[in-house]
Amino acid sequence: IELARVLKQTGSFYYHCDWHASHYIKVMLDQIFGENQFQNEIVWHYSGWNAKLKTSFNSRHDVLFYYSKTKDVNFHSYSLPWESEEEYVRIRKQKVHIDAAGHKYVLSDAGGGQRVKRYLREAMQYGKPVDDVWNIDKLNDSSKESRGYPTQKPLVLLERIIEASSYKNDIVLDA
């Protein structure tokens with residue numbers, strides 16, 4: 001409640017929890033911030049030991065709830081680089097065409113049943129926008145980042161949150 005109170009009008013609030021409590025936490029945060037201030041449920045997916053379980057599937061994710069104080073929130077969408085043109089085409093499930101000048105392109109959906117040329121060089125520059133499933137490995141004991149804290153988060157996870165929701169020299173509180 002105090003964190004919500006001191007949050008700037010353009011500020012963001014991220015709450016990390018695992019699958020045990022996420023449903024209860026979401027209800028609590030809706031009461032504190034208001035349901036209209038809920039922005040995203042982000043699934044933090046990570047690897048681990050693969051075991052055949054007898055009664056359920058392996059749990060390989062935690063949840064980040066992203067709230068804002070107002071709709072006038074600092075948010076910076078960004079993209080990660082594609083590994084290759086082949087990865088882009090495979091994931092997008094599109095056929096590659098070549099124009100008269102020898103440039104590769106695909107036909108992308110422009111809405112309303114319209115198709116538009118999307119050149120692969122432009123798609124590669126744009127990258128793949130980050131969505132609400134983040135594949136970031138957890139830290140293990142042998143990680144150079146590890147400080148022995150049992151719930152320590154990987155720097156790349158924290159950097160992604162900070163990059164998406166703040167400007168250089170903003171104040172960030174990790175409660």
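Quick caveat: nothing in here was measured; it's all calculated off a predicted structure. Residue numbers run from 1 in the order of the sequence given.
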Item to check | Flag if over 12 foreign heavy atoms under 6.0 Å of NE2, His23 | outcome: no
Item to check | Under 4.5 Å side-chain linkage, directly or through intermediates, the cluster mates of Phe13 | outcome: Ile1, Leu3, Leu7, Tyr15, Ile25, Met28, Leu29, Ile32, Phe33, Phe38, Val63, Phe65, Tyr67, Leu173
Checklist outcome for this item: Sorted by chain and number, sequence neighbours left out, salt bridge (Lys or Arg N to Asp or Glu O under 4.0 Å) with Arg5 holds for Glu2
Checklist entry - With sequence neighbours left out, what residues match Tyr126 under ring-ring contact (aromatic ring centres under 6.0 Å, His included)? => result none
Item to check | Residue pairs passing the salt bridge (Lys or Arg N to Asp or Glu O under 4.0 Å) test where at least one lies in residues 68-93, sequence neighbours excluded | outcome: Glu85-Lys104, Glu87-Lys128
Item to check | Sequence neighbours excluded, every pair satisfying salt bridge (Lys or Arg N to Asp or Glu O under 4.0 Å) that has a member inside residues 17-43 | outcome: Lys26-Asp30
Next on the checklist: Which residue is it: Arg160, His16, His61? I am looking for the one with a side-chain contact (heavy atoms from CB on, under 4.5 Å) to Trp44.
Outcome noted: His16
Item to check | side-chain hydrogen bond (donor to acceptor under 3.5 Å, both in side chains) contacts touching residues 109-119 (sequence neighbours left out) | outcome: Asp99-Tyr119
Next on the checklist: Using only atom types and a distance under 3.5 Å, with no angle test, would you say the side chain of Asp137 pairs donor to acceptor with the backbone of Ser47?
Outcome noted: yes
Checklist entry - Which residues, ordered by chain and number, are linked to Val43 in its hydrophobic cluster, where ILVMFWY side chains connect at heavy-atom gaps below 4.5 Å, directly or through other members? => result Val133
Item to check | Gln39 and Ser68: side chain donor to acceptor below 3.5 Å | outcome: yes
Checklist entry - Just by distance, do the side chain of Ser146 and the backbone of Ser142 share a donor-acceptor pair under 3.5 Å? => result no
Checklist entry - How about Asp174: does its CG atom have over 12 heavy atoms from other parts shown lying under 6.0 Å from it? => result no
Kindly list each side-chain donor-acceptor pair under 3.5 angstrom involving residues 150-158, sequence neighbours excluded, with atom names and distances?
{"residue": "Gln152", "atom": "OE1", "partner": "Arg147", "partner atom": "N", "Å": "2.8"}
{"residue": "Gln152", "atom": "NE2", "partner": "Glu145", "partner atom": "O", "Å": "2.9"}
{"residue": "Lys153", "atom": "NZ", "partner": "Thr151", "partner atom": "O", "Å": "2.5"}

Checklist entry - Can you list the other members of the hydrophobic cluster that holds Tyr149, where links are side-chain heavy atoms under 4.5 angstrom apart? => result none
Checklist outcome for this item: ring-ring contact (aromatic ring centres under 6.0 Å, His included) filter on His97, not counting sequence neighbours, yields Tyr105
Next on the checklist: Under the criterion side chain to side chain contact (heavy atoms under 4.5 Å, CB included), I'd like the reasoning laid out for Ile161 against Trp134: C-alpha separation, chi angles, the key distance, then a yes or no.
Outcome noted: CA-CA 11 Å; Ile161 291 169; Trp134 297 357; 3.9 Å; yes
Next on the checklist: Can you list, by chain and residue number, the hydrophobic cluster partners of Val6 when the side-chain cut-off is 4.5 Å?
Outcome noted: none
Checklist entry - Residues two or more places apart in sequence or in another chain: which of them pass side chain to side chain contact (heavy atoms under 4.5 Å, CB included) with Phe57? => result none
